[in-house]
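What follows is a short report on a single structure.
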Amino acid sequence: MNITLTVNGQSIARDVEPNVLLADFLRDHLRLTGTHVGCDTTQCGCCIVHLDGKAVKSCTIFAVQADGSSVLTIEGLAAPDGTLHPVQAAFREHHGLQCGFCTPGMVMMGADIVRRIPGADEQTVRHELEGNICRCTGYQGIVEAIVDAASQGARS
Amino acid sequence: MRNFDYHRPTDIAAAARVLAEREDAKLLAGGMTLIPTLKQRLATPTDLVDLGRIAALKGVRREGNGLVIGAMTCHADVATSPVVREAIPALASLAGQIGDPAVRHRGTIGGSVANADPAADYPAGVVGLDATVITDRREIGADDFFTGLFETALEPGEIITAIRFLLPKRAAYQKFRHPASGYAVAGVMVADFGDAVRVAVTGAGPSAFRLDAMEKALGASFTPGALEGLNPDALELLTDMHASAEYRAHLVGVLARRAVAAIA
């Protein structure tokens, strides 16, 4: 099936089988390997991207369902000039990663949290991260980073 | 995953037509249960009919003394809808406790109700709030809808278009959440309609069910204390690796009392 979608601001047209997951489409067809597949069972959140502005688990969506939509992946989150998104900058500042495998999903979820809940406090952020799993258990820095970025959003 | 033919109708009649014509066509709503099921090959449909492009199935509206939620309305939209929060805050709260934020951006009320997972949250809301399931053929009352484990009164090819809720005087949903899956180990919706009280349980039995003894007791005295000694019989509840039937019976009592305490 022919699909046309916008990925990180670029219009993309491809022919895909209906059973191709969005995560596999991004990784294998577009070579955007920043989106990770951790559990492949809708639990770990490593595959989170934004579909029409909302955080979704791309391992549990078919690429054909995204036809006509806009997808933002970790590769497209920073500004074109390389300026980091506030959540990315906060992850660097607060050391919000250890092995890095969950990081793309954590950052994309963090950006979604900051968008929806400016000024989100620690308890809120921990609650909102229920669908993201860090195997290193490095949640402290991740939570601090998102709380910091959310406070910047609330100030601006 | 086996491949399938993908259909994307823009109206309900076209969706019904594909279901009728194809050998083993399944409806795709939010896909939060169906896609994992396909990955495990627990289902191998020949065709998927994606309801995501049917605008008439989305949205929330007040209708007379009721609240109508389109089948393809996602959990996040129900949880944050000012209309739902004003009309039935307990329902908005229930929707906000399903899965995780990314799942709530995709999963839908129609998909959840049609799937009738014994541990899903919405069945307690539908039964507890005396909702009506509206399909492309008829209207089905909540008490007649859930018929067993993953079984409903829906006929082959029948499509849920919306759920209509009556507005209670007060209602509350309490859930004991499985920490990994987010599903209800047990969940209880208590709704007071003035002339009647309804208590509906999910997570504890093969499908959502009401507790007559609790409803009668709350009708006489709407207090947590009125529910003492009225836990359901464990013999009729589920045991699995997460909780025994006896523990679930205990949880149902605790959750029902908490729900009443929250609104008494």
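Owing to the predicted nature of the structure, the values given are computational and were not obtained by experimental measurement. Chain A is the first sequence line, chain B the second, and so forth, proteins listed ahead of strands; every chain is numbered from 1.
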Which atoms of Leu48(B) come close to chain A, meaning under 4.5 Å heavy atom to heavy atom: side chain ones, backbone ones, both, or neither?
side chain
For the interface with chain B, which of His127(A), Gln43(A), Glu17(A) has the highest count of heavy-atom pairs at distances below 4.5 Å?
Glu17(A)
How close do Tyr6(B) and Pro18(A) get, counting heavy atoms only, and between which atoms?
CB-CB, 3.7 Å
Distance, nearest 0.5 Å, that separates NE2 of His105(B) from CG of Leu51(A):
10.5 Å
Measure distances from Asn3(B) to the heavy atoms of chain A and classify the residue's part below 4.5 Å as side chain, backbone, both or neither.
both
Sub-4.5 Å side-chain heavy-atom contact between Leu28(B) and Phe62(A):
yes
Exactly one candidate in Asn19(A), Thr42(A), Asp40(A) meets side chain to side chain donor-acceptor pair (under 3.5 Å) with Lys39(B); the answer is Asp40(A)
Option in Asp112(A), Ile61(A), Leu129(A) with maximal non-hydrogen atom pairs under 4.5 Å from chain B:
Ile61(A)
Does the distance from a Lys or Arg side-chain N to an Asp or Glu carboxylate O, for Lys54(A) and Asp77(B), drop under 4.0 Å?
yes
When the 4.5 angstrom heavy-atom criterion is applied to Ile113(A) and chain B, the contacting part is neither
Just wondering, are more than 12 heavy atoms of other shown residues or ligands nearer than 6.0 Å to CZ in Arg135(A)?
no
Apply the test side-chain contact (heavy atoms from CB on, under 4.5 Å) to residues Asp67(A) and Arg53(B): give CA-CA distance (whole Å), side-chain angles for both, the deciding distance (0.1 Å), then the verdict.
CA-CA 11 Å; Asp67(A) 187 18; Arg53(B) 309 280 164 138; 4.1 Å; yes
Do Arg106(B) side-chain atoms and Thr60(A) backbone N/O form a donor-acceptor pair below 3.5 Å?
no
Find the distance between CD1 (Ile35(B)) and CD (Gln65(A)) and round it off to the nearest 0.5 Å.
4.5 Å
Nearest heavy atoms of Glu130(A) and Gly99(B), plus distance in Å:
OE1-O, 4.0 Å
Find the distance between OG1 (Thr80(B)) and CZ (Arg116(A)) and round it off to the nearest 0.5 Å.
9.0 Å
Between Leu21(A) and chain B, with a heavy-atom cut-off of 4.5 Å, which part of the residue counts as in contact: side chain, backbone, both or neither?
side chain
